[in-house]
Each structure stands twice: as structure tokens, then as C-alpha cells.
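To start, the structure under review is shown below, and the notes come after it.
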2 protein chains.
Amino acid sequence: METLSTDVERLIKDTAKRIFFVEGKLHATTQDIADAAGINRASIHYYYRSRKILFDKVFEEAMAEFHAKLTVVVSQENLTFRKLVESVIDFLLKKSLEHPFLELFLVAELNQDPHLKHARLPEEARARRMMLKEYIAEEVAAGTMKPIEAEHFIVNLISLCSFPFLAKPIVKNAIELSEEGYVKFISERKAVIMKLIFLDL
Amino acid sequence: METLSTDVERLIKDTAKRIFFVEGKLHATTQDIADAAGINRASIHYYYRSRKILFDKVFEEAMAEFHAKLTVVVSQENLTFRKLVESVIDFLLKKSLEHPFLELFLVAELNQDPHLKHARLPEEARARRMMLKEYIAEEVAAGTMKPIEAEHFIVNLISLCSFPFLAKPIVKNAIELSEEGYVKFISERKAVIMKLIFLDL
DNA sequence: CTCGCGTTTAACAATTTTGTTCAACACAAA
DNA sequence: TTTGTGTTGAACAAAATTGTTAAACGCGAG
């Protein structure tokens, strides 16, 4: 049946994503994925001719997801800059909570195959960065932020949001947290980051 | 010869580290390592009985290296807090420049095998964190920092220093940098981070 | 019912990666 | 030179992973 087949196809891809992006098991085999999905490994070859095709698909969507993540950093209109940054942090943290190891996967793949096509940034991205620069200038003028290059601002934001998830096992160990302690720690991040960015918080 | 043998043994391990920590090729095989080292793959088995033993050795030393990294964050005496933070950032950035993908490797391994022994933190680490809290309190009193939990402070510092290296391929793409542009960007990080942490910079 | 069709499965085959063996080699010591 | 020891290389073997095939299965349409 058409819908069912699509279901399994989806199940396979979603399971692969879960293993890579959520569990961070970058060395997972097709068998691992089949087991986790509760299907026969041959089904993977039925829907995706080869391991590489499945992986490429997953990679491609991961790139798209990250790109979306990034786009949000400098999009959204009709908001005060403050509200915008807040919603960006919410978004980044939410995405990292869903897919803590997305960046891990992307970087591992990109390093393996350095000539993987880099998603070309749309022209509007550059325009948005200009807008971000203006926003920052306004805050600086108002004395609520220090001068900072937009590029550093963006990287700071992503670093502060993503790293604690991406490096969960070492962060947990480094500051001696239980699973609950880690969850609590994560829940405090937004306030910490906002406070770090804006002088008047 | 004793010294020569040790040399090759070292060469193998160092090459493995280079591939994992510097080039970030987490999926490298023993053949890849042998090729990169310019030796026969059997030599790897001669010095290290199996792939796993080599990998464990590399992993163990990576943990030690990260642990050293972390220890520095809250050690060093006879320095103003300001100077201490500065030297910590220098150290973290230097380490990340040498081994940009160290954390990537560690996290990938830890995720694969969740019961890998976590290096127990020495008792002094806790004492140092106490000291860090005091330092922060002093800066807060002086109006040169905002109140922040020591744990968040540590994670912020590591995030801001390590992430731009660890995620180099996506950062480069995200803010459209050439290799030279990336190097320049990295060289600006220290000032950016210091400015973010201390209110009076 | 049974036919058709998409899907699943188990078994098999090919490939890749890892591990082993043994003869050849280098070289220092006797 | 010869011997001994440690190292290397090529060939081989084993294991793990991926890819293929064909038969069986489920199920709706005719």
C-alpha cells in the first residue's frame, strides 16, 4: 500500500536521524538502524538503494535543518531586537534539545568528504546580516550592548546554545551533573545567555 | 632498535591523533592511519595488538588532554582573576587550534559506548570551583561582571572557545569565510570573549 | 477465490575492514 | 661472518558490513 510503504520509508529515515542526531552514534551501521527500526535490513535497500543514498538523504536534510536554524538567527521581522534574540535562543535551544548531535553529525560528514557541496547562502542572508549589524548598532547606541561584529555575535549565540548539548557527555562529567542536574542546567541556559548578551539584564 | 621501535610506535599514535583530532576524520580505518603514517598496516598490529587497543590508547589520552584543559579553567594561582581568565582563554584557544576536533572525537566515542569510565574529578577540582565562585563574587561586587553560576561560567568559556573550531566547516560556511577569513576570525575570538565576560572592556 | 502487486524476509554473495602468519630484512653483538 | 632480536612486508584468513536475489507473504481488486 502506498501510505504504508511511505511509512516504512519514513520510519527508516527517522530512525537513522534519531540514532545520529539524538543518540549521537556516528558509527552506526545499517544493521543498527534496521534493528532500531524493528525491520529487516533488506528493507533499507529496498527503499534506499544503498547505505550511501540513505546517508546522503539524511545528511542533506540535516544541512537543511541547520540552515533553517541559522536563517532564524537573522530573520523574523516586526519584533524588537530583544524579542528577536530571545526567540532565536528559544529556537536554537529547542532544536538542540530535539537534535543535540546534529552539528556533530554534520561536522563528521563534512570532514570525511571535504568537497561536499556547501549549501549556498541565499542573497537575503547577506541582507539580513546587514540588518543585524544595524540592530546591534542601535543597542550599542542605547548602551545595552557592547560593540561586536555580527559574525562573532552569531557564532557566540550558536556556540552558547549548541555546545552544551553537543558535548553533553563531557559537560555532564566536567561539572559533575546527574541526568536531572543536566536538565536543570540546560533549562537555565536561556537566562544565562540573555544576561551575557544584554547589559541591562 | 629500541629507540626506533618506539619512534614508530609513537608515529602510529601521533598519526592517529592527527587524523582524529586535527583532521576530524572520525571514520578513519587502520589502513587510513597506516597510509597516513607511511607504514604497513601490520606494524599497527605489531605495536598495538588490535585496532581497539590503539583506539583506547588514543581515547584515553584525549580524555587526559581534555581533563587538563578543564583543570586549567579553575587552577593557576597568584594571578588576578582577570589575568587568570585571560590565560585560560589563551590556553583553550591554543589547544583548540592544535586539536580542533578533540571534543568531537571524545563525544563520538562516549556516545558509542556510554559506560566508558568517566575520569573522576579530583577533590581539588571542587575546591577550585569554590575559589572560582569567590573570584566571580569579587568581580560582581566591583561591578565588572554580572552574577553567574560558576558552572555556567565554565561552560560558557569552553563553548565560546571550542565551538568555532569544532564546528569549523559549518561556521566557515555559515558566515561565508575563506580559509584566511576563518583564521582572521579565530584570531579575534580572544578579545571578543574577554569583552563578553567583563563589563569594563 | 485468486490474481496481481508491493513489501518483507531469509539466505546468499560481494566487499571492506580487521587480524594473523611467516619469510625476508636490518642491524647490533659476539 | 654469524647469530640473535626486533621489525617490516606481502600474502593469507577471519570477521564485519554491505549489497543482491528469489521466494513467501499480506492484502486489496477483480
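None of these values were measured; they are calculated from a predicted model.
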[X] [atom1] - [N] [atom2] separation (whole Å):
X	N	atom1	atom2	answer
H45(A)	dA14(C)	NE2	C1'	11 Å
D32(A)	dA16(D)	CG	P	13 Å
H27(B)	dT16(C)	NE2	P	17 Å
Q31(A)	dT18(D)	CD	P	9 Å
Y48(A)	dT8(C)	OH	P	12 Å
I44(B)	dT18(C)	CD1	P	9 Å
I39(A)	dT9(C)	CD1	P	8 Å
Y47(A)	dT9(C)	OH	P	10 Å

Phosphate contact (dT18(D) OP1 or OP2) by T30(A) side-chain N/O below 4.0 Å: yes
Base dG9(D) to side chain R41(B), donor-acceptor N/O within 3.5 Å cut-off: no
Presence of donor-acceptor pair under 3.5 Å, side chain of R51(A) and base of dG19(D): no
Measuring from the side chain of [X] (C-beta onward, heavy atoms only), which nucleotide among [options] has the closest atom?
X	options	answer
N40(B)	dG19(D), dT8(D), dG9(D)	dG9(D)
S43(A)	dT9(C), dT18(C), dT18(D)	dT9(C)
T29(A)	dT18(C), dT8(C), dT17(D)	dT17(D)
A42(B)	dA10(D), dT18(C), dG6(C)	dA10(D)

Distance-only polar pair, side chains of H45(B) and R51(B), donor-acceptor under 3.5 Å: no
Lys/Arg-Asp/Glu bridge criterion (N-O < 4.0 Å) met for R82(A), D200(A): yes
NZ/NE/NH1/NH2 to OD/OE distance under 4.0 Å, K133(A) and E151(A): yes
H99(A)/F165(A) aromatic ring centres below 6.0 Å: no
Ring centroid separation F105(B) to F21(B) under 6.0 Å: yes
